[in-house]
Amino acid sequence: MILHLPLAELEVGQHLYWRIGNLNLHGQVFISSWIVIGALLAVVVLGTRRMERDPKGLQNLLEFLWDYIRDLARDQIGEKAYRDWLPFIGTLFLFIFVSNWGGALIPWKLIHLPSGELGAPTADINTTIALALLVSLAYFYAGLSRKGLRYFEYYVEPTPIMLPFKIVEDFTKPLSLSFRLFGNILADELVVAVLAFLVPLVVPLPAMFLGLFTSAIQALIFATLAAYYIGEAVHESHH
Amino acid sequence: MHSWLLLAEAATPKGGLFDLDATLPLMAVQVVLLTFILNALFFRPVGQAVEEREGFISTSRAQAKEKLAQAERLEADLKAQLLEARRQSQSVIVEAEQEVDRLYREALAMAQAEANSQRESSRQQVEAQKQQAFAGLDAQAERLSALIVDRLLAV
């Protein structure tokens, strides 16, 4: 009896499959990501509808966010190149943050799917790997477009002994980025689900608050690391 | 009820936590699209607004500083003028006081001189009249004594 007690209800690893041609898609990830993106865009559109010099209400919030993201990007990428990458870093941060919090705060259980269940889009490995690969592409593009082939000097600095490690790093960066985010968010959802299943009242609350905290931290970590990698790629070492 | 969500039930894959499929590239495309949309709707306009405000604040700060400097200059100027005026009025007062003093002394000296001369002349007059009176008196006394002598001698 104990063996099939809690996890049977949690539907881990079940997906709502959509088929387009030969391709399989995880429908629940797209549905929840569209809801989350819709909410984000709604806030942005409402907040920037009438921009004033004395900011009020939503505009204030959006300017605070913009300022926060700019500081993050400028600190990590540097004064010269941060403007080009501000939208990318900001989108990563906002998308991950809103996804994580949406996964924790929106009562997804009210919407029943024939298979799988809705949740944070970032709790699906596909999403996090997509984001991490975008970061990899971004820093390669940033380095190559700014320094041309001299970008590859980075692999032999400060000494050529570093070459294998730097090559391995190119693989570990997306791996760690994607699995860190995926693992944290999925684990948070599982902990809350298991606790809620065992003791439906009060007990899951601390785990939920912790989950909100972790969610915010993970969004910040992902955006900061992405900015740091890009900054590393565009950094001009002084000869 | 939700059958529309299941676009195709046939050949449903087994699933699992690490089930990678076309979700990955599509999600990547979606995020890139979101980047462009957010750039147009959020980062550009808000950045513009913030930077415009920063520019506005720095220019009005500079203007205010300039105005303050001007006010300070004017204040110093006025203070100098005030000091000058005070000094002038002081000297005018001193001059007037000296003038009054001088006039007073002159008038006093004149009055004293006049009084002296009048006193002198009246004294001389008195002296002359006294002399005259004494002279008349002497003559009378002489005459009387001569008369007395005559009478006495005539007896």
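Residue numbers start from 1 in every chain, and the chains themselves are labelled A, B, ... in the order their sequence lines are given, proteins ahead of strands.
- The distance from atom CE of A:M51 to atom CZ of B:R53, rounded to the nearest 0.5 Å, is 7.5 Å.
- Contacts from residues 85-92 of chain A to chain B, taken as heavy-atom pairs separated by less than 4.5 Å, involve A:L86, A:P87, A:F88, A:G90, A:T91 in sequence order.
- Most heavy-atom pairs under 4.5 Å with chain A: of the set B:V32, B:L20, B:L41, B:N39, this distinction falls to B:L20.
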Inset, instruction - Let me see the working for B:T23 and A:L23 under side-chain contact (heavy atoms from CB on, under 4.5 Å), right down to the final yes or no. - result: CA-CA 9 Å; B:T23 311; A:L23 304 171; over 6 Å; no
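- Here the straight-line distance linking atom CZ of B:F43 with atom CZ of A:R83 works out to 13.5 Å at 0.5 Å rounding.
- Distance alone, capped at 3.5 Å, is enough to place a donor-acceptor pair between the A:N126 side chain and the B:D19 backbone.
- Residue B:E106 places its CD atom among more than 12 non-hydrogen atoms of other residues, nucleotides or ligands, all under 6.0 Å distant.
- Contacts between residues 65-80 of chain A and chain B, defined by a heavy-atom separation under 4.5 Å, are made by A:L65, A:W66, A:I69, A:R70.
- Residue A:Q28 does not touch chain B at all, counting heavy-atom pairs closer than 4.5 Å.
- Interface remark: B:L38 contributes side-chain atoms only to the contact with chain A (heavy atom separation under 4.5 Å).
- Counting non-hydrogen atoms of other residues, nucleotides and ligands closer than 6.0 Å to CD of B:E66 gives a total of 12 or fewer.
- By the neighbour-count criterion of 12 heavy atoms within 6.0 Å, atom OH of A:Y228 is sparsely surrounded, having that number or fewer from other residues, nucleotides or ligands.
- Using a 4.5 Å cut-off between heavy atoms, B:F56 touches chain A through its side chain atoms alone.
- For A:T48, the part lying under 4.5 angstrom from a heavy atom of chain B is the side chain only.
- For the pair B:L26 and A:F30, the minimum side-chain heavy-atom distance is below 4.5 Å.
- The number of heavy-atom neighbours closer than 6.0 Å to CD of B:E120, taken from other residues, nucleotides and ligands shown, is above 12.
- For A:L25, the parts sitting under 4.5 Å from any heavy atom of chain B are the backbone and the side chain alike.
- For a residue to count as touching a neighbouring chain, one of its non-hydrogen atoms must lie under 4.5 Å from one of that chain's; by this rule B:Q30 touches chain A with the side chain only.
- Both the backbone and the side chain of A:L62 come within less than 4.5 Å of a heavy atom of chain B.
- Side-chain contact annotation: B:D21 with A:H15, donor-acceptor N/O pair under 3.5 Å absent.
- Note: A:A130 leads A:G47, A:G27, A:A130 in heavy-atom pairs under 4.5 Å with chain B.
- Only the side chain of A:L94 comes within less than 4.5 Å of a heavy atom of chain B; its backbone N, CA, C and O stay farther away.
- Heavy atoms from other residues, nucleotides or ligands lying under 6.0 Å from CZ of B:R61 number 12 at most.
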